[in-house]
Amino acid sequence: MGALQFFNPGTLPGVLLLEDIIAGRAASNPRNKQIAGIFKEAGLIEKYGSGIVRVHLTMLQAGAPAPLFEPMAHSFKVTLFPVDNGGVSGGVSGGVNGGVNGLLSHVQGFPGQNAGEISQTLGLPRRTVEPRIKELKSEGLIEFRGAPRTGGYYVCFS
């Protein structure tokens, strides 16, 4: 099964940045407040502005690579990638490898986050994130750049 893509006409509202949305640093700004209010009243949405974060976390927690969110000139594209379980033996290693691959996708999409920020953004315990970071570093796939308190992880392009 291949990737699944969704397109939404229109751009992100205002001056919202995708990185700020996923990191939880951006307040919701619905384009159509009346429609958002109707969906909220009907119980079809939990809270305003939680969709992108929930999709991101749900995919990573399922062991899938991080979804790709692409703001475009006049639309917004979301690509969801399947979980590769690899059968019975792949179920266990697929979950572990999926988590590592998900973390790699996250670092690629959100460079410069430190372990604490990655843990918070993904909604995973730091004790889960740190061994995955260590594995990716040992494989030469990511590196830490900057000062210990203010630096973060970046994908290596070698």
Side-chain angles (χ1 to χ4, degrees), residues 1-32 35-36 39-40 44-87 89-125 128-133 135-137 139-145 152-158:
M1 177 182 197
L4 183 62
Q5 293 185 332
F6 299 90
F7 290 89
N8 184 37
T11 59
L12 288 174
V15 293
L16 285 179
L17 297 175
L18 186 59
E19 296 81 17
D20 291 336
I21 293 170
I22 291 181
R25 294 185 301 257
S28 175
N29 185 8
R31 281 185 275 188
N32 189 319
I35 290 176
F39 280 111
K40 175 83 166 137
L44 297 173
I45 59 174
E46 310 178 343
K47 63 180 187 175
Y48 300 127
S50 65
I52 289 175
V53 173
R54 286 187 303 133
V55 168
H56 183 79
L57 293 175
T58 299
M59 294 301 289
L60 291 177
Q61 288 170 347
L68 182 59
F69 298 101
E70 298 177 86
M72 304 171 97
H74 301 289
S75 63
F76 189 78
K77 180 169 93 173
V78 179
T79 305
L80 303 178
F81 301 96
V83 176
D84 181 14
N85 287 331
S89 64
V92 175
S93 64
V96 173
N97 293 337
V100 171
N101 291 335
L103 181 62
L104 179 60
S105 295
H106 179 80
V107 171
Q108 186 172 17
F110 304 95
Q113 287 188 334
N114 62 34
E117 292 168 326
I118 292 170
S119 171
Q120 184 178 11
T121 303
L122 296 179
L124 295 171
T128 300
V129 170
E130 287 177 340
R132 293 177 183 176
I133 288 173
E135 182 177 339
L136 290 171
K137 282 177 62 178
E139 293 177 14
L141 296 173
I142 65 172
E143 64 185 3
F144 188 88
R145 296 184 199 157
Y153 291 97
Y154 295 83
V155 173
C156 297
F157 296 102
S158 46

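The side chain to side chain donor-acceptor pair (under 3.5 Å) pairs that include a residue from residues 62-82 are Gln5-Thr79, Glu70-Lys77, where partners are two or more places apart or lie in different chains.
By the 4.5 Å heavy-atom criterion applied to side chains, Phe81 and Leu4 are not counted as neighbours. Residues Ser119 and Val129 are in side-chain contact: their nearest non-hydrogen atoms beyond the backbone lie under 4.5 Å apart. Between Phe76 and Phe7, every side-chain heavy-atom pair lies at or beyond the 4.5 Å cut-off. Counting heavy atoms from C-beta on, the side chains of Leu68 and Val78 never come closer than 4.5 Å. Within the 4.5 Å cutoff, the side chain of Ile118 has heavy atoms near those of the Tyr153 side chain.
Other residues, nucleotides and ligands contribute at most 12 non-hydrogen atoms within 6.0 Å of the CZ atom of Phe39.
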Inset, instruction - Before giving the answer on side-chain contact (heavy atoms from CB on, under 4.5 Å), spell out for Gln113 and Val107 the whole-Å C-alpha distance, their side-chain angles and the decisive distance to 0.1 Å. - result: CA-CA 7 Å; Gln113 287 188 334; Val107 171; over 6 Å; no
Inset, instruction - Assess whether side-chain contact (heavy atoms from CB on, under 4.5 Å) is satisfied between Leu104 and Gln108, documenting all intermediate values. - result: CA-CA 6 Å; Leu104 179 60; Gln108 186 172 17; 5.6 Å; no
Legend entry - Phe6 and Leu80: CA distance, side-chain angles, deciding distance, side-chain contact (heavy atoms from CB on, under 4.5 Å) verdict: CA-CA 8 Å; Phe6 299 90; Leu80 303 178; 3.6 Å; yes
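Taken from CG in Asn114 to CZ in Phe144, the straight-line distance is 6.5 Å, to the nearest 0.5 Å. Going from atom OG1 of Thr11 over to atom CE of Met72 covers 12.5 Å, rounded to the nearest 0.5 Å.
The shortest non-hydrogen separation linking Gly112 to Glu117 is O-OE1, 3.9 Å.
In this structure, the side chain to side chain contact (heavy atoms under 4.5 Å, CB included) partners of Tyr154, at least two apart in sequence or on a different chain, are Pro111, Arg145.
No side-chain donor-acceptor contact under 3.5 Å links Glu139 to the backbone of Leu136.
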